[in-house]
Peer 1: 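I have a structure I would like to understand better, so I am pasting it below and will then ask my questions one at a time.
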2 protein chains.
Amino acid sequence: MMGQATLKDIAKALQISSSTVSRALKDYPGISLETRKKVKELAEKLNYRPNAVALSLRKNRSFTIGVIIPEVVHFFFSTVISGIEEVAINNGYNVILCQTNENHEREKKIVETMISSRVDGVLVSYARETHTFEHFQKMKDMGLPVVFFDRIPDMDDTVNVIVDDGKGAYQAVKHLLDQGYEDILHLSGPKNLAISKLREEGCRKALREAGKVLSEDRIIECPNGTIGESEGICRRIFAHSPPDAVFASNDIAAAGAMRAAKEMGIKVPDQLGVMGFSNWQFSSMVDPPLSTVSQPGFEIGEKAASLLLEMIENHRYIPRTEVLETQLIVRKSTLPQKTGFFDFSASGQQAGLE
Amino acid sequence: MMGQATLKDIAKALQISSSTVSRALKDYPGISLETRKKVKELAEKLNYRPNAVALSLRKNRSFTIGVIIPEVVHFFFSTVISGIEEVAINNGYNVILCQTNENHEREKKIVETMISSRVDGVLVSYARETHTFEHFQKMKDMGLPVVFFDRIPDMDDTVNVIVDDGKGAYQAVKHLLDQGYEDILHLSGPKNLAISKLREEGCRKALREAGKVLSEDRIIECPNGTIGESEGICRRIFAHSPPDAVFASNDIAAAGAMRAAKEMGIKVPDQLGVMGFSNWQFSSMVDPPLSTVSQPGFEIGEKAASLLLEMIENHRYIPRTEVLETQLIVRKSTLPQKTGFFDFSASGQQAGLE
DNA sequence: TTGTAGGCGTTATCAC
DNA sequence: GTGATAACGCCTACAA
């Protein structure tokens, strides 16, 4: 058991040169049938597998892409990864995965190891803590292809893939208004993420069109994004000035609002409409099922990976931002009795999963 | 932009040999302070990063471990990955991630690329479709360290990390019986997975101790593990011979049972107790919150990765199976009124998350 | 204190 | 048809 067999091993055993072995295995022209046969048989017998590391070194291409994300346990990110993986594997690439846990220092270290590992390109959704982008700039300056998804940085000439958060939020809030809800509380995400701003903006726009304004005390930041956080916040607000609907920047926050409502005896959806964002797996399972805005995670991953492979193979790229559409998912949490449970007339909605 | 700087580049620019550069950068003894300084400055300026690929080739060590799992979107697996990553990154290893999507052919291909990539070791939870293990045996025969987790194969001398599924199931069913439920329906997982058998066995044992038997029509397989599947199955069964409790092999199936019950006007937990397995993220958010058995996913990942690194660094190993404990999580779905909502007396339970 | 040479596994190039 | 050689980037005996 002296490790993996190499071309040299086969060559030595067969008393031929390793270049011949290499050619025989790849069916190059100009190798006698007999040699080819002998080589292939021995290779099979010795369980020969080409050494990808040696190949990487020689070709200066690792056929590996790096993925930097906050956390795999987020349903959204795990679907994105599936999309990335699908494209990668179909094109002969491996995926190296690193999680920042939303930590900036860790992110910087990860960038270093990505560079060292000589990945052919990197897909990034940066950490919540990240406000400066020199580490990513460095990769770009080295000529390493980078595609940002979901969270896009304040940098020049990047390639990005996002969903139309503004429009998604707009549709969500418009739906709430269409259902007759009037006083909307917006639970927003971390202020430093562009997606938070865009969702807030979409929310404002829908209200504006209805002749309303989102007053400052009707928009509350949920920086941590835990269910406990939003539950606490909602409980306080429901106690002194209850809204009649909540539009949360993500489903977890929405679930917190539902919990608070339940504990305080506020009926969802009749006394309070609740709308989330992201369509987490649990959203269709809570009671009442949660209306939300679905983001095409798998497609984002596919798109981002495709763009990256394109950049890698073409050695050049056009800076741009690809915007994918969200989809409003209307469930029971925003369908008060008065408009009827099965009234799906408002706008392009669709029933829940499965 | 001629790619990454190499030792040679620095050497040439400084008119010294690349071995000197190498030594200077690593603070080897016997390099003049002056040289060292010059080298380090230039390295910094050129943004030099050691080429991990070259290192891998030379040392015959890639400092990369492979992870083969069915799907990242499963909450359980994503927590396992987090545990693996944590250990890996803290020990200077990268993680290559591949999903089988429960597909056997894909799994075999993945094993090939893992071998080609010269990963230093592999962590595996194999596909549901997989019934033969030659591909894993091949890795083992090549001397490639492998650790199996959660789903362990029928192979000799392997290293495994699992949870005590039998005991977890036993505790779960015992709790149901303690609560006064009598007629228990078991929704089991795919029959070919050892975990399914163990959970079923634990279920039987608890019943046996209570002087009952699990009759054949009270154990139903849910091979796909979707919510729709179990919902359909339960609806049929509830219609002609309703049990008073369901013990599902996973939370998704349990959620399906709850849905079926809700649609048929069966009250959970008073008319039907529902117990899941795995403690998915959504389990605490459904209504009523779902009792379940939590598996320490993160710890499984940590343990499996630690064992693997140990095997890698020691070049030898002792076949064994590490068994981690599950934890019964009692929530409202198995606490009928008659025993009181806050009666946590039965056995070592604990309240839900957050 | 520094340089030289060889090799990790592969393949492209040139030579016979 | 086949072989020898060099090169990818790095490290490390061994030499000087």
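Protein chains get the first letters and strands the later ones, always in sequence-line order, with residue 1 at the start of each. No experiment lies behind these values; they were computed from the predicted model shown.
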Peer 1: What's the verdict on side chain to side chain donor-acceptor pair (under 3.5 Å) for A:N160 and A:T321, showing C-alpha distance, side-chain angles and the deciding distance?
Peer 2: CA-CA 4 Å; A:N160 313 304; A:T321 297; 2.9 Å; yes
Peer 1: Tell me whether the NZ or CZ atom of A:R151 lies within the 45° cone about the ring axis of A:F148 and under 6.0 Å from its centre.
Peer 2: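 Judged by the rule (NZ or CZ under 6.0 Å from the ring centre, within 45° of its axis), A:R151 is not positioned above A:F148.
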Peer 1: What residues, two or more places apart in sequence or in another chain, satisfy side chain to side chain donor-acceptor pair (under 3.5 Å) together with A:S62?
Peer 2: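 Expected list: A:D120.
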Peer 1: Reading nucleotides 8-16 of chain D from the 5' end, what letters show protein touch, with B for base, S for backbone sugar-phosphate only, - for no heavy atom under 4.0 Å?
Peer 2: BBBBBB---
Peer 1: For B:E310, is there an ion pair with B:K303 - N to carboxylate O distance below 4.0 angstrom?
Peer 2: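 A salt bridge is absent here (no side-chain N lies under 4.0 Å from a carboxylate O).
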Peer 1: When you measure from the side chain of B:E107 to the backbone N and O of B:Y126, does any donor-acceptor pair fall under 3.5 Å?
Peer 2: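 Not a single qualifying donor-acceptor pair exists.
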Peer 1: More than 12 non-hydrogen atoms from neighbouring residues, nucleotides or ligands closer than 6.0 Å to CG on A:N314, yes or no?
Peer 2: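 For A:N314, atom CG is crowded (more than 12 foreign heavy atoms under 6.0 Å).
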Peer 1: Reading DNA chain C in the 5' to 3' direction, which nucleotide is the first one with an atom under 4.0 Å from a heavy atom of chain B, and which is the last?
Peer 2: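 Listed 5' to 3', the contact boundaries are C:dT1 to C:dG9.
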Peer 1: Mind checking what makes salt bridge (charged side-chain N to carboxylate O under 4.0 Å, His left out) contact with A:R23, not counting sequence neighbours?
Peer 2: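 Counting only residues at least two positions away or on another chain, A:R23 forms no salt bridge (charged side-chain N to carboxylate O under 4.0 Å, His left out).
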Peer 1: Kindly check if the number of other-residue, nucleotide or ligand heavy atoms within 6.0 Å of NZ (A:K109) is above 12?
Peer 2: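 No - once you tally the heavy atoms of other residues, nucleotides and ligands closer than 6.0 Å, there are 12 at most.
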Peer 1: Does a side-chain N-to-carboxylate-O contact under 4.0 Å join A:E41 and A:K37?
Peer 2: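 Salt bridge between A:E41 and A:K37, a charged N being under 4.0 Å from a carboxylate O: yes.
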Peer 1: Heavy-atom contacts under 4.0 Å between residues 31-47 of chain B and DNA chain D, which residues?
Peer 2: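 None - not one residue of the stretch has a heavy atom sitting under 4.0 Å from the strand.
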Peer 1: Taking only residues two or more places apart in sequence, or in another chain, which ones meet B:S19 in a side chain to side chain donor-acceptor pair (under 3.5 Å)?
Peer 2: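 Residues passing side chain to side chain donor-acceptor pair (under 3.5 Å) with B:S19: B:S17.
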Peer 1: Taking only the side-chain nitrogens and oxygens of A:S17, find out if one of them lies under 4.0 Å from OP1 or OP2 of D:dG3.
Peer 2: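 Yes, such a contact exists.
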